[in-house]
Novice: 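I'd like to ask you about the structure that follows.
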Amino acid sequence: MPDIVLPQTRYYGSKRKIVDKIWNILTNEANLQFDSILDVFGGSASFSYYSKLHNKQVFYNDIFQFNFIIGKKLIEQNTNELTYENAISLFERIQGVEYLNYISEFYNDIYFTNEENDQIDVYIQNVLALDNENIQCSALYILFQSCLMKRPYNLFHRKNLNMRLNYTTGKFGNKQTWERSFEELFMRFINELDKVCIDNGRINTAHNFSALNCPLNADLVYIDPPYFKKESTTSYHSKYHFLEGLVNYYNIPDNINFNKNNREITINASREFEDKTNFLNDLRTLINNHLNSHIVISYRNNGIPSIQAIYELLRSFEVFEVLEYNLGQYNYALNRNNNVNEEVLFVCKNINR
Ligand SMILES: C[S@@+](CC[C@H](N)C(=O)[O-])C[C@H]1O[C@@H](n2cnc3c(N)ncnc32)[C@H](O)[C@@H]1O
């Protein structure tokens, strides 16, 4: 196995910092035997990528197309064919092409500066016109990561360009990072792609289903769903709608919610697993779809429904021996309020395997 280099990520709920602990529990403490994994709520692909590094066959899945592209880049594709020079040239207007300016027009003063909006408009249209899928995924990957780095909280749930521009001092914030140019950030992410794109000798694939419509299966199914705290939580869609919009650039104008200050783009919004009152039902249905696999669930001590409720649901399935592990205190990179989260892992060991 090559030295472990995990892609950097600024993704809400990413397991990057604890994936080694999770892996240790699965393979040593719970002693699960598996050759393939399905990462149903793949997100930044940290679990999928770790599994790829460990030579498993990996099926990555996420409801959002922008995440699916991240999954394609890191899990399905084994190389990066985009050079830095090539990436930068995608900011140039091609003679004879008529460019639309949806970001400049509809997102003025919301997330990025005028100059950056103009760069995004040209770049995304050039990238969507590429026919080399490897280059296209790389070009989208470095754009998504750079957009996230330039945003306060690394999210798109608020119209808060002001916060970035007027930031002077204080405990939170990374003005220097926000003000880095796309060109500078692209250099960093191209270098990273060159390091992390690897071939593990298996056929690994990325998919774009909602969890309950995902027809795939594997020896081990990893479930890391959105989770809710007592305070209302912003949905994943609302946090990342802008990136989903970029992938669907030509459909943006027809899908903007002008009633919201952040001009949320409604494409691919779903209530599945995003409604705390229906969460247990969704989870029950999902588990029923994977009764021949080992199932592993990441959860937190302060979530709704409670750990106890999840445990009881899992225990109601006869095919599993249910083990619960506490991974200890863990503050997410994007959690600024210092509330203590304890990360919990449920391992449902399939007794028929
Ligand atoms: C807690 S995050 C997963 C984080 C991931 N394990 C990582 O390390 O980055 C939950 C993910 O579920 C995705 N998601 C939300 N609702 C979904 C659904 N109904 N089906 C599939 N994916 C969904 C979100 O896009 C988000 O990426």
Side-chain angles (χ1 to χ4, degrees), residues 6-23 26 37-53 58-75 141 144-145 148 154-157 196 206-216 220-229 233-245 247 265 267-276 278-287 289-290 296-300 302-303 310 327 330 332-335 341 343-346:
L6 299 180
Q8 286 289 340
T9 169
R10 281 171 166 68
Y11 194 66
Y12 191 87
S14 163
K15 296 297 174 292
R16 180 179 183 271
K17 289 197 181 142
I18 50 171
V19 65
D20 54 343
K21 273 194 192 177
I22 295 177
W23 197 259
L26 302 185
I37 73 105
L38 166 61
D39 190 2
V40 188
F41 299 87
S44 64
S46 59
F47 184 79
S48 288
Y49 189 77
Y50 209 79
S51 306
K52 185 177 180 184
L53 279 177
V58 180
F59 304 109
Y60 167 100
N61 180 68
D62 198 280
I63 197 167
F64 293 125
Q65 275 175 273
F66 79 93
N67 275 334
F68 162 62
I69 288 162
I70 289 172
K72 247 189 192 270
K73 189 68 250 169
L74 297 177
I75 305 304
Y141 181 93
F144 300 154
Q145 302 302 341
L148 288 174
N154 310 112
L155 298 174
F156 297 91
H157 65 319
V196 299
H207 305 269
N208 184 211
F209 298 106
S210 91
L212 298 185
N213 289 311
C214 181
L216 305 156
L220 184 152
V221 176
Y222 179 58
I223 298 179
D224 184 17
Y227 97 111
F228 308 96
K229 292 177 278 189
T233 314
T234 327
S235 71
Y236 267 90
H237 178 268
S238 153
K239 288 180 175 80
Y240 296 107
H241 67 99
F242 185 79
L243 301 184
E244 196 64 357
V247 186
I265 301 167
I267 298 170
N268 282 336
S270 157
R271 299 300 300 154
E272 196 187 287
F273 281 98
E274 290 283 10
D275 175 355
K276 50 183 135 183
N278 211 35
F279 187 92
L280 274 182
N281 280 335
D282 285 345
L283 188 58
R284 184 181 297 106
T285 310
L286 180 61
I287 293 173
N289 290 344
H290 300 284
V296 177
I297 302 177
S298 276
Y299 206 66
R300 263 132 282 174
N302 51 0
I310 304 274
L327 278 72
Y330 177 57
Y332 283 88
L334 302 177
N335 175 359
N341 283 315
E343 187 72 30
V344 174
L345 196 72
F346 290 106

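Please read these numbers as outputs of a predicted model, since none were measured by experiment. Quick note: numbers below take in every heavy atom, side chains included, and nothing from hydrogens, waters or symmetry partners. Both ligands and their constituent atoms are indexed starting at 1 by order of listing.
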Novice: Which residue owns the protein heavy atom closest to atom 26 (C) of ligand 1, what's the atom, and how far is it?
Specialist: Y11 OH, 3.3 Å
Novice: Determine, using heavy atoms of G42 and all atoms of ligand 1, whether some pair is separated by less than 4.0 Å.
Specialist: yes
Novice: Please find the pair of heavy atoms, one from S51 and one from W23, that lie closest to each other, and give the distance.
Specialist: OG-CZ3, 3.3 Å
Novice: I need the atoms of ligand 1 closer than 4.0 Å to a non-hydrogen atom of F64, numbered in the order shown.
Specialist: 25 (O)
Novice: Heavy atoms only: which of S210, S46, P226 is nearest to atom 15 (C) of ligand 1?
Specialist: P226
Novice: Can you list the ligand 1 atoms lying under 4.0 Å from a non-hydrogen atom of G13?
Specialist: 4 (C)
Novice: For S235 and E274, test the side chains for any donor-to-acceptor distance below 3.5 angstrom and give the result as yes or no.
Specialist: no
Novice: Nearest to atom 7 (C) of ligand 1, what protein heavy atom do you find, and at what distance?
Specialist: S44 OG, 3.4 Å
Novice: Which option, Y12, F66, F41, Y236, owns the non-hydrogen atom nearest atom 1 (C) of ligand 1?
Specialist: Y236
Novice: Between L280 and I310, which heavy-atom pair has the shortest distance, and what is it?
Specialist: CD2-CD1, 4.1 Å
Novice: Any atoms of ligand 1 less than 4.0 Å from a non-hydrogen atom of K15? List them with their elements.
Specialist: 7 (C), 8 (O)
Novice: Parallel, tilted or perpendicular, judged at 30° and 60°: which one describes the rings of F228 and F279?
Specialist: perpendicular
Novice: For ligand 1, which atoms have a heavy atom of N67 less than 4.0 angstrom away?
Specialist: 25 (O), 27 (O)
Novice: Please evaluate residues I69 and F144 with respect to the criterion side-chain contact (heavy atoms from CB on, under 4.5 Å), reporting the C-alpha separation (whole Å), side-chain torsions for both, the decisive distance (0.1 Å), and the verdict.
Specialist: CA-CA 10 Å; I69 288 162; F144 300 154; 4.2 Å; yes
Novice: F64 vs H237 aromatic rings, parallel, tilted or perpendicular, using cut-offs 30° and 60°?
Specialist: tilted
Novice: Specify the protein heavy atom at minimum distance from atom 20 (N) of ligand 1: its residue, its atom name, and the distance to 0.1 Å.
Specialist: A211 N, 2.8 Å
Novice: Can you see whether Y11 engages N67 through a side-chain donor-acceptor pair at a distance of less than 3.5 angstrom?
Specialist: yes
Novice: What residues, two or more places apart in sequence or in another chain, satisfy side-chain contact (heavy atoms from CB on, under 4.5 Å) together with D224?
Specialist: K15, Y222, S298, R300
Novice: Identify the two heavy atoms, one from T9 and one from S14, that lie closest to each other, and give their separation to 0.1 Å.
Specialist: CG2-OG, 3.4 Å
Novice: Which ligand 1 atoms does D224 reach within 4.0 Å, using its non-hydrogen atoms?
Specialist: 1 (C), 2 (S), 3 (C), 4 (C), 5 (C), 6 (N), 10 (C)
Novice: Counting each atom of ligand 1 from 1 as listed, which ones have a heavy atom of S14 under 4.0 Å away?
Specialist: 7 (C), 8 (O), 9 (O)
Novice: For G43, take its heavy atoms, then give the atoms of ligand 1 lying under 4.0 Å from any of them.
Specialist: 9 (O), 27 (O)
Novice: At what distance is the nearest protein heavy atom to atom 25 (O) of ligand 1, and which residue and atom is it?
Specialist: D62 OD1, 2.8 Å
Novice: One residue to check: P225. Relative to ligand 1, which of side chain, backbone, both or neither has a non-hydrogen atom less than 4.0 Å away?
Specialist: backbone
Novice: Would you mind finding which of E272, E274, K17 brings a heavy atom closest to atom 19 (N) of ligand 1?
Specialist: E272
Novice: To check you understand the geometry: which heavy-atom pair defines the closest contact between S44 and I70, and what is its length?
Specialist: O-CG2, 4.2 Å
Novice: What part of T9, side chain from CB on, backbone N/CA/C/O, both or neither, has a heavy atom under 4.0 Å from ligand 1?
Specialist: neither
Novice: My understanding is that only residues two or more places apart in sequence, or in another chain, count here; which of them pass salt bridge (charged side-chain N to carboxylate O under 4.0 Å, His left out) with K73?
Specialist: none
